[in-house]
Novice: 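What follows is a structure written as structure tokens; I'll ask about it next.
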2 protein chains.
Amino acid sequence: MAASTLTEVARLAGVSPATASRVLNGSARTPGKDIAERVRQAADSLGYIPNAQAQGLAKSSSGLIGLIVHDIADPYFAAIARGVQDAAREQRKMVLLATTGGGPAEEKDAVAAFAARRADSIVIAGSRSCRAEDQEGNAQLAAELDRYCRNGGRVAVVGHPVVGATALEGYHVIEVPNQELAGRLAADLAAGRDGDFVIIGGPEGLYTSDDRIRGFQEGLARAGHGPAEVLRSAFNRSGGYEAGLQLAARIKAAAAGDAAAPKMCIFAVNDVMAIGAAAALRSEGLRIPRDASIAGFDDIETLRDFRPALSTVRLPLEDIGRLATRATRPRPAGEDQDAAPAEAVTGEVTLRRSTEAAAV
Amino acid sequence: MAASTLTEVARLAGVSPATASRVLNGSARTPGKDIAERVRQAADSLGYIPNAQAQGLAKSSSGLIGLIVHDIADPYFAAIARGVQDAAREQRKMVLLATTGGGPAEEKDAVAAFAARRADSIVIAGSRSCRAEDQEGNAQLAAELDRYCRNGGRVAVVGHPVVGATALEGYHVIEVPNQELAGRLAADLAAGRDGDFVIIGGPEGLYTSDDRIRGFQEGLARAGHGPAEVLRSAFNRSGGYEAGLQLAARIKAAAAGDAAAPKMCIFAVNDVMAIGAAAALRSEGLRIPRDASIAGFDDIETLRDFRPALSTVRLPLEDIGRLATRATRPRPAGEDQDAAPAEAVTGEVTLRRSTEAAAV
DNA sequence: AAACAGAGGGAATGCGCTTTCCCAATTCGT
DNA sequence: ACGAATTGGGAAAGCGCATTCCCTCTGTTT
């Protein structure tokens with residue numbers, strides 16, 4: 001027993017497929033009451049489920065939203081995905097998921113796949129990169145997006161515009177004020193602190209990381225501090241851990257030389273890296289915040305119970321996902337196309353125990 | 001400029017659409033070398049992307065895998081989703097995501113939506129429930145799955161079979177030995193411990209929770225312990241937190257009466273609840289493992305840096321997602337249909353600091 | 001009462017692709 | 001060397017639905 005079709009429903013109801021279609025999907029032309037009822041009953045008794053593929057083909061729109069993330073198991077992306085999912089439900093659409101591992105080449109493939117499925121819109125989360133090795137991939141991704149938009153697709157990208165992408169109609173960027181917020185975090189941390197600052201950043205060229213580093217340095221400068229040293233590492237927990245090991249050695253050496261050495265303050269460009277670094281310090285016998293302060297960025301929900309509570313910058317990740325998805329929604333006719341206020345994303349510096357001055 | 005079609009490619013290459021189709025998707029009949037090359041070049045120069053909807057309609061298969069989770073931002077589901085995603089890539093399919101919040105009614109809607117999109121297979125993660133309030137939803141979900149399978153769809157469900165679902169062809173269950181593992185955990189914890197055991201469980205009727213509770217009690221019994229008291233709460237962090245508050249009060253009362261009172265050992269049926277409970281104890285001034293032991297279940301990756309390190313049962317969540325997805329893969333012809341060994345999922349009791357006997 | 005507008009239903013077309021089915025041009029057998 | 005088997009390509013028929021166009025039937029206008 002194959003799935004039943006509209007034609008079968010129509011036959012059972014004794015009407016034409018056209019009529020059946022009209023009643024079943026609420027077209028502008030509503031057939032007579034009695035007929036409508038007959039059709040509905042027929043559909044019910046057959047357990048009719050419209051074939052979305054056929055509908056999509058006929059209407060050339062699929063009711064699909066494509067979401068591109070680096071890794072769905074990363075809580076940062078998972079939180080955004082939740083927002084996207086939520087907004088998709090509002091629009092009565094389904095979300096197609098693609099995880100790319102972060103490379104623009106894979107992202108380009110994902111866009112192509114979404115285009116093939118005629119996804120109505122695409123949300124790209126995850127950091128853009130301008131590393132040399134990604135240059136070709138970026139160009140291809142930009143070209144693919146370009147084509148997608150030209151064919152009527154709508155795109156929202158979280159954070160930074162795709163490198164090299166021209167601002168087309170239907171191309172939206174949800175700006176995240178990484179730089180400004182990192183600056184504010186630096187200012188708050190710098191107040192009344194005299195130790196060295198060290199930044200654990202991601203690979204050079206990752207915009208999210210670079211923006212946060214730049215912002216932090218600016219904040220430091222405004223507070224009268226010299227620039228912090230920057231350690232480059234992988235943009236994940238183990239990157240943070242490795243950098244943390246290096247710093248632990250350094251801290252211990254400093255403490256050995258001078259027991260009253262000022263405390264180091266570590267800023268990891270995201271929470272997951274910060275947790276990794278904290279784990280590394282701990283494994284070396286150091287305690288936070290007694291031996292060093294540490295701060296992260298994102299305020300990942302799952303990590304809030306971590307002790308010592310991590311100072312960080314709260315980002316409304318779920319809202320970001322929601323906003324991005326909404327940005328791709330076609331404006332109802334009459335609504336000004338450019339009137340979209342593109343609600344600004346704001347974050348909030350959240351100081352917790354991991355950067356408290358008082359020793360344990 | 002609308003997306004180019006096969007027909008356009010064919011025209012440009014000077015061949016028929018049939019031929020173009022044959023070369024572009026590697027059908028059994030491979031056209032001549034020179035023609036193939038011409039077609040490929042034409043496709044390239046037009047930037048042709050096949051319309052997956054049309055392909056799906058013609059082939060009646062969509063290359064889609066539907067994934068149903070309660071909440072994609074929950075690290076448990078996120079980890080499974082990663083495995084699913086990975087296996088989907090192996091099969092060159094894309095994954096459609098549906099988050100349901102846990103209700104069978106929503107799950108039924110998701111199955112219907114997947115069926116409408118003609119998803120090749122569906123993976124259902126998340127706990128089954130046999131609560132009275134879910135009875136109707138379960139029946140509907142079972143019926144929907146039934147229909148889906150009958151129409152050739154393949155389903156894999158993680159953990160428990162859907163309540164009321166008949167074992168159809170194409171219906172797979174990835175068994176997770178929750179009960180056995182919980183028993184082993186109990187046995188390990190009970191060894192040389194004389195304090196009371198308390199279980200923080202999810203709502204009654206949630207199979208995952210109930211199985212773990214039952215297993216734990218059995219393990220306790222085998223070790224010569226009496227059954228543990230069971231506290232019911234929500235199956236998430238805040239459920240664990242609330243239960244933790246109750247227990248904290250109790251622990252403090254006991255300590256007040258008798259300073260050498262034996263230490264309570266808490267088993268929360270999943271890690272997230274355990275973390276919540278631990279947070280509650282801490283907020284009440286209690287320390288783990290000094291004032292109480294606590295253990296969870298799942299071994300969520302993001303939570304591994306939590307201190308005190310949480311004793312738990314390691315579940316290969318990503319593998320589970322992968323296995324479930326693979327189970328829905330149609331066997332290559334010739335391979336025995338039932339020969340699928342349905343690789344068993346195994347877990348591992350992982351004792352860490354949170355249940356160490358020695359006080360801090 | 002005749003002419004007209006409008007409503008409601010059906011036939012037919014097309015969305016883009018796959019896949020028989022069919023036909024012409026080969027190659028092979030003996 | 002001639003018919004048979006095979007190869008390689010095209011024409012055409014759907015896949016399941018939305019939608020345009022057309023027709024008929026009813027209700028309205030002068």
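Residue numbers begin at 1 in each chain, while the letters A, B, ... track the order of the sequences. All values derive from a computational prediction rather than experimental measurement.
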Novice: For a quick check, tell me whether the side chain of B:Arg22 and the base of D:dG10 share a donor-acceptor pair closer than 3.5 Å.
Specialist: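 Such a pair is found, so the answer is yes.
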Novice: Provide, to the nearest angstrom, the distance between the CZ atom belonging to B:Arg117 and the C1' atom belonging to D:dG16.
Specialist: 15 Å
Novice: Whole angstroms only, please: what is the CG-P distance between B:Leu57 and D:dC17?
Specialist: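 Atom CG in B:Leu57 sits about 9 Å away from atom P in D:dC17.
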Novice: What verdict does the salt bridge (charged side-chain N to carboxylate O under 4.0 Å, His left out) test give for B:Arg326 and B:Glu90, after you've listed the backbone C-alpha separation in whole Å, the side-chain angles of each residue and the deciding distance to 0.1 Å?
Specialist: CA-CA 9 Å; B:Arg326 289 205 189 117; B:Glu90 281 173 8; 2.7 Å; yes
Novice: B:Ala81: what forms a side-chain contact (heavy atoms from CB on, under 4.5 Å) with it, not counting sequence neighbours?
Specialist: A:Ile72, B:Leu67, B:Ile72
Novice: Do A:Glu107 and A:Val111 touch side chain to side chain, with heavy atoms closer than 4.5 Å?
Specialist: no
Novice: Nearest whole angstrom, please: distance from the C1' of D:dG16 to the CG of A:Leu46.
Specialist: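 Nearest whole value for this atom pair: 14 Å.
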Novice: Does A:Leu6 reach a base, just sugar-phosphate, or nothing at all? Heavy atoms under 4.0 Å.
Specialist: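 A:Leu6: backbone/sugar contact only, no base atoms under 4.0 Å.
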Novice: What integer distance in Å separates B:Gln53:CD from C:dC17:P?
Specialist: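 So the two atoms are 11 Å apart, to the nearest Å.
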Novice: Classify the ring geometry between B:Tyr207 and B:His160 as parallel (under 30°), tilted (30 to 60°) or perpendicular (over 60°).
Specialist: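 Ring orientation, 0 to 90° scale: parallel.
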Novice: Which side-chain N or O atoms in residues 114-124 of chain A pair as donor and acceptor under 3.5 Å with protein atoms at least two apart or in another chain?
Specialist:
from	atom 1	to	atom 2	distance (Å)
A:Arg117	NH2	B:Ser62	O	2.6
A:Arg118	NH1	A:Ala115	O	2.7
A:Asp120	OD1	A:Ser62	N	3.1
A:Asp120	OD2	A:Gly63	N	2.8
A:Asp120	OD2	A:Lys93	NZ	3.2
A:Ser121	OG	A:Thr328	OG1	3.2

Novice: Show the distances under 3.5 angstrom between N or O atoms of the protein and N or O atoms of nucleotides 12-14 of chain C.
Specialist:
none

Novice: Nearest-Å distance, CG (B:Leu24) to C1' (C:dG16)?
Specialist: 13 Å
Novice: Begin with the C-alpha distance, continue with both residues' side-chain angles, and end with the deciding distance and a verdict on side-chain contact (heavy atoms from CB on, under 4.5 Å) for A:Gln91 and A:Thr325.
Specialist: CA-CA 9 Å; A:Gln91 300 180 31; A:Thr325 309; 3.8 Å; yes
Novice: Taking only the side-chain nitrogens and oxygens of A:Gln55, find out if one of them lies under 4.0 Å from OP1 or OP2 of D:dC17.
Specialist: no
Novice: Would you say A:Ser16 reaches C:dG10's phosphate, i.e. side-chain N/O to OP1/OP2 under 4.0 Å?
Specialist: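 For A:Ser16, the contact criterion (side-chain N or O under 4.0 Å from OP1 or OP2 of C:dG10) is met.
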Novice: Mapping B:Arg118 and B:Val15 to their closest nucleotides on DNA chain D, which lands nearer the 5' end?
Specialist: B:Val15
Novice: State, to the nearest 10°, the angle formed by the axis through the first five base pairs of the helix from C:dA1-D:dT30 to C:dT30-D:dA1 and the axis through its last five.
Specialist: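 Inter-axis angle at the ends, rounded: 40°.
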Novice: Report the nucleotide, chosen from C:dG9, D:dC17, C:dT18, that has the shortest atom-to-atom distance to any side-chain atom of A:Ile35.
Specialist: C:dG9
Novice: State, with a plain yes or no, whether a side-chain heavy atom of B:Arg38 is found less than 4.5 Å away from one of B:Thr19.
Specialist: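 They are not in side-chain contact.
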Novice: Please determine whether a side-chain nitrogen or oxygen atom of B:Thr19 lies at a distance below 4.0 Å from atom OP1 or OP2 of D:dG10.
Specialist: yes
Novice: Which residues pass the salt bridge (Lys or Arg N to Asp or Glu O under 4.0 Å) test with B:Asp109, sequence neighbours left out?
Specialist: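 Per chain and number, B:Asp109 pairs via salt bridge (Lys or Arg N to Asp or Glu O under 4.0 Å) with no residue.
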Novice: For C:dT18, take OP1 and OP2 only and decide whether either is under 4.0 Å from a side-chain N or O of B:Asn25.
Specialist: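 Checking B:Asn25 against C:dT18: at least one side-chain N or O falls below 4.0 Å of OP1 or OP2.
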Novice: Using atom types as modelled, flag every donor-acceptor pair under 3.5 Å from a side chain in residues 95-102 of chain A to any protein atom, sequence neighbours excluded.
Specialist:
from	atom 1	to	atom 2	distance (Å)
A:Thr100	OG1	A:Val69	O	3.3
A:Thr100	OG1	A:Gly102	N	3.1

Novice: What is the separation between atom CG on A:Asn51 and atom C1' on D:dA18, rounded to the nearest whole Å?
Specialist: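 Those two atoms, CG and C1', are 13 Å apart.
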Novice: Can you tell me how far P of C:dG16 sits from CD1 of B:Ile49, to the nearest Å?
Specialist: 14 Å
Novice: Contact class for A:Ser60 vs. all strands (heavy atom < 4.0 Å): base, sugar-phosphate, or nothing?
Specialist: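 Contact class for A:Ser60: none.
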Novice: Do B:Leu24 and B:Pro50 have side chains that get closer than 4.5 Å, going by heavy atoms?
Specialist: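 With C-beta onward as the side chain, the pair stays apart.
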